[in-house]
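Comments concern the structure below.
Residue indices begin at 1 and follow the sequence shown.
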Amino acid sequence: MGKLVKGITWAKEQFELGSRPGRDKIIEWITAEHIPGQIIAGEPYVDADRFAIRDHTGQTPMRLGANDNRPKTGIDLLVG
């Protein structure tokens with residue numbers, strides 16, 4: 001697990017004003033594993049480090065399996 005950032009703080013860093021997701025949407029995304037993070041005491045926290053290294057497939061390295069039949073990228077090799 002990388003650096004956890006409050007969901008609202010992460011949204012301010014990643015989205016323009018007027019396009020930012022709210023707390024409930026961030027919780028929904030974390031729960032559905034669209035973004036890496038955790039819900040702690042009902043508050044969303046995004047794993048900013050893992051989010052930053054997502055590849056073009058939209059998957060984090062942790063979700064990429066050895067049997068996914070696609071060539072590994074440099075990022076795949078670096079993160080193990």
Side-chain angles (χ1 to χ4, degrees):
M1 180 73 41
K3 178 176 86 172
L4 291 176
V5 177
K6 286 184 179 182
I8 298 302
T9 301
W10 169 81
K12 287 179 183 177
E13 294 172 358
Q14 298 296 321
F15 293 86
E16 291 292 327
L17 186 61
S19 298
R20 293 178 187 148
R23 176 185 167 277
D24 292 340
K25 181 55 77 173
I26 296 169
I27 288 174
E28 179 184 323
W29 288 347
I30 291 171
T31 302
E33 298 183 0
H34 295 306
I35 60 174
Q38 293 185 0
I39 311 302
I40 302 172
E43 292 298 319
Y45 290 83
V46 176
D47 185 332
D49 294 337
R50 281 184 38 211
F51 180 83
I53 60 171
R54 295 171 72 91
D55 72 3
H56 67 281
T57 67
Q59 293 180 311
T60 59
M62 190 161 219
R63 292 187 65 196
L64 295 174
N67 297 323
D68 61 6
N69 296 325
R70 72 168 181 81
K72 299 297 181 198
T73 66
I75 291 291
D76 296 335
L77 298 173
L78 289 172
V79 297

Could you measure the distance from the CD atom of Glu13 to the NZ atom of Lys6? Nearest 0.5 Å is fine.
12.5 Å
For a quick test of reading the model, state the closest non-hydrogen atom pair linking Ala48 to Val5 and the distance between them.
CB-CG2, 3.7 Å
Within the distance-only criterion (no hydrogens, no angle test), does the side chain of Arg50 pair as donor or acceptor with the backbone N or O of Pro36 below 3.5 angstrom?
no
Check: Val46 and Thr9 side chains under 4.5 Å, non-hydrogen atoms:
no
Taking the side chain as everything from C-beta on, heavy atoms only, tell me whether Tyr45 gets closer than 4.5 Å to Ile30.
no
Once side chain to side chain donor-acceptor pair (under 3.5 Å) is applied, do any residues pair with Glu43, and if so which ones, sequence neighbours excluded?
Arg23
Please answer whether the main-chain N or O of Ile27 pairs with a side-chain N or O of Thr31 as donor and acceptor at a distance below 3.5 Å.
yes
With a 4.5 Å heavy-atom cut-off, do Gln38 and Leu4 have their side chains touching?
yes
Can you find a heavy atom in the side chain of Ile35 that is under 4.5 Å from one in the side chain of Ile26?
yes
